[in-house]
**Q** 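Take this structure first; my questions come after.
Just so it is clear, the values below take in all heavy atoms, side chains as well, and ignore hydrogens, waters and symmetry mates. Owing to the predicted nature of the structure, the values given are computational and were not obtained by experimental measurement.
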Amino acid sequence: MGEGRNRIVVWALRNARPTLFLAALLSRLILPIVHYSGVTSDSVTYLSMARGMLNGVGFVDIEGRPTAKRPPVYPLFLTGMLKMSGNELRGVQIVQAILSAALAPLLFEFLGGRLGRGAAFLAGLLWAFDPVSIPPPAYILTESIGAVLVFLWYLQWTRTLRHSSVRGFLWQGVLGGVLPYQTMITALLHLLAMVATFFHRPRFWKRIFVSLIIMIIPMQLWAWRNRVVLGEETAVRSGGFGFLLWATMQYDFPWLLSPYDPRGAMIFKQEKHVYRHYPLSEQHRIYFRKGRARFFSDPVGGTVRAIKGVFWSWVDVPGAMKSLDRFPIAKAFLRVANIVSLLLALVGMGRAWRVTEGRCAIGVLLYFTFFHMWLYPIPRYFLPVRPLLALLGGFGVGTLFPRK
């Protein structure tokens, strides 16, 4: 039996890339195969914009009015997928599953020369079978494609730091410009990365500057569209992040910031009131002003709320607020698996910090942690950086089981 197991291990390592891809893909196809719809209340806003594009009327809301409620990249992705699949959402789910699964062999390829094939293969498996990352491709939401784009941007950044080629800076600028229109929280990520790159490679300041200029191009195009169509100066999306800041400062949550907690009912009642009486472009200013005032009236309390919220957002899992209440065993399993992933990543941080790629991964995770702690931190918002958690987990495996 031992000899047979060794043969399987040897075969899997020899065929690591297809093995990891198939393992990740099959696990992510389960929900589409059983006809899980994947449509949530947020999904409708993306689908209305995508179907507006298909119908030739542009980005519109569910009532057919031009909108910038959501950034444009995911609606554009949905437009293409719905066109290819004949308006079938399962086609969207399958493509998202394929793209998400492709990250498993990419992790193996990236870590192979740094940790050895064995530890790199295990890192790929961490992503392939991460129970928190398996369901998102089945949802019509941004997080699955966001994870792909964040990881591709990260790979390009580490390559740029190593080789500093002109083409690398150009591609990173393109990805840095696209990212905020898929995952809004990344709006400052490329800028801060280029600042760090300048301190690491100051003689390439011209290339860094060009990369930043390229990043700004999508922002200018989207802002121009919103100025012409909507008559407003919207750089990313109407409504901004003001509500997220205000809600975080208002809710003394004992655990996650939950829309199902009766103690937070006032927040969502107020949201509906403001939505009825003010345009989206005004809502950000209203919420931001009130959220800032709330923080400065009690900065210690506001900071504690933010830290507590982001802590539980990392420790708990999407759906824990209510969706998984009917499945207590599944909820417990997901929580344990998530904590194991976090601990393995923490173990790997020491070794990861010794190399450029590891420091970059830690930096991106800290970026998400710091910014989301003030902006309605819930577990779903951290899904785009879970591939980097698997990457640090690979360093954790390499730490616990070093190569002889």
Side-chain angles (χ1 to χ4, degrees), residues 42 71 132-133 136 141-143 146-147 150 153-154 179-180 182-193 195-196 236-237 239-261 263-264 266-268 270-271 283-284 287-321 335 338-339 341-343 345-346 349 353 359-389 392:
D42 284 349
V132 178
S133 301
L141 293 170
T142 63
E143 280 75 22
V150 168
W153 175 89
Y154 161 81
L179 263 184
Q182 173 69 26
T183 303
M184 190 176 70
I185 195 67
T186 61
L188 297 178
L189 184 60
H190 184 67
L191 171 62
L192 294 177
V195 171
V236 181
R237 77 176 182 102
F241 56 83
F243 171 76
L244 304 179
L245 173 67
W246 176 78
T248 305
M249 292 298 102
Q250 290 292 327
Y251 182 29
D252 289 307
F253 47 93
W255 174 52
L256 284 172
L257 186 62
S258 172
Y260 308 107
D261 190 329
R263 284 163 292 194
M266 175 275 295
I267 291 174
F268 301 99
Q270 182 70 16
E271 180 190 20
Q283 291 177 28
H284 166 74
Y287 284 125
F288 184 77
R289 183 175 67 250
K290 290 181 177 293
R292 183 177 58 187
R294 170 76 169 172
F295 173 79
F296 283 111
S297 69
D298 181 17
V300 174
T303 303
V304 169
R305 289 186 190 96
I307 293 173
K308 186 162 55 175
V310 82
F311 171 79
W312 284 112
S313 296
W314 272 115
V315 171
D316 222 317
V317 295
M321 293 183 289
R335 284 173 166 169
N338 184 51
I339 290 172
S341 298
L342 290 171
L343 291 175
L346 287 172
M349 280 187 178
W353 189 258
R359 290 192 293 273
C360 289
I362 293 170
V364 174
L365 291 173
L366 289 175
Y367 172 92
F368 265 72
T369 299
F370 178 79
F371 279 93
H372 266 313
M373 69 186 286
W374 306 101
L375 304 177
Y376 202 110
I378 59 174
R380 181 166 70 103
Y381 293 166
F382 290 94
L383 290 174
V385 289
R386 285 196 74 89
L388 297 179
L389 205 64
L392 292 179

**Q** Answer whether the closest heavy-atom distance between the side chains of Gln283 and Phe243 falls below 4.5 Å.
**A**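 No - every pair of side-chain heavy atoms lies 4.5 Å or more apart.
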**Q** Do any N or O atoms from the side chain of Ser313 and from the backbone of Pro377 form a donor-acceptor pair under 3.5 angstrom?
**A**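 A pair under 3.5 Å: yes.
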**Q** Sequence neighbours left out, what pairs pass side chain to side chain donor-acceptor pair (under 3.5 Å) with at least one residue falling in residues 365-375?
**A**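 Every pair satisfying side chain to side chain donor-acceptor pair (under 3.5 Å) with a residue in residues 365-375: Trp314-Thr369.
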**Q** Are the side chains of Phe368 and Thr183 in touch, meaning some heavy atoms are under 4.5 Å apart?
**A**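 Yes. Closest side-chain heavy atoms under 4.5 Å.
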**Q** Considering only heavy atoms from C-beta outward, does the side chain of Ser341 approach that of Arg386 to under 4.5 Å?
**A**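 Touching, per the 4.5 Å side-chain cut-off.
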**Q** Quick one: does Leu389's side chain get under 4.5 Å of Phe382's, heavy atoms only?
**A**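 Not touching, per the 4.5 Å side-chain cut-off.
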**Q** Does some side-chain heavy atom of Leu244 sit less than 4.5 Å from a side-chain heavy atom of Tyr287?
**A**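 No, too far: nothing below the 4.5 Å cut-off.
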**Q** Met184 and Val236: which non-hydrogen atoms are nearest, and at how many Å?
**A**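 Closest heavy-atom pair between Met184 and Val236: CG-CG1, 3.5 Å.
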**Q** Can you find a heavy atom in the side chain of Leu141 that is under 4.5 Å from one in the side chain of Leu383?
**A**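 Not touching, per the 4.5 Å side-chain cut-off.
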**Q** Answer yes or no: is there a side-chain heavy-atom contact under 4.5 Å between Leu388 and Tyr154?
**A**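 Yes; the side chains approach each other to less than 4.5 Å.
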**Q** As a quick check of understanding, evaluate side chain to side chain contact (heavy atoms under 4.5 Å, CB included) for Phe288 and Phe241, giving each step before the final call.
**A** CA-CA 8 Å; Phe288 184 77; Phe241 56 83; 4.0 Å; yes
**Q** At what distance, to the nearest 0.5 angstrom, does CG of Leu375 lie from CH2 of Trp246?
**A**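 The distance works out to 14.5 Å.
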**Q** Does Pro387 have any side chain to side chain contact (heavy atoms under 4.5 Å, CB included) partners at least two apart in sequence or in another chain, and if so, which?
**A**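 With sequence neighbours excluded, Pro387 shows a side chain to side chain contact (heavy atoms under 4.5 Å, CB included) to Leu103, Trp127, Ala147, Phe151, given in chain and number order.
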**Q** Write down the atom of Pro318, the atom of Pro379, and the distance for their closest heavy-atom approach.
**A**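 So the minimum-distance heavy-atom pair works out to N-CB, 3.5 Å.
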**Q** So how far is it from Lys290 NZ to Met249 CE, rounded to the nearest 0.5 Å?
**A**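 Interatomic distance, Lys290 NZ to Met249 CE, rounded to 0.5 Å: 15.5 Å.
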**Q** Starting at CD1 of Ile378, measure out to OG1 of Thr248 and round the result to the nearest 0.5 Å.
**A**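 Taking CD1 in Ile378 and OG1 in Thr248, the distance rounds to 10.0 Å.
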**Q** As an exercise, state the distance from CZ of Arg305 to CE of Met373, rounded to the nearest 0.5 Å.
**A**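 With rounding to 0.5 Å, CZ (Arg305) is 12.5 Å from CE (Met373).
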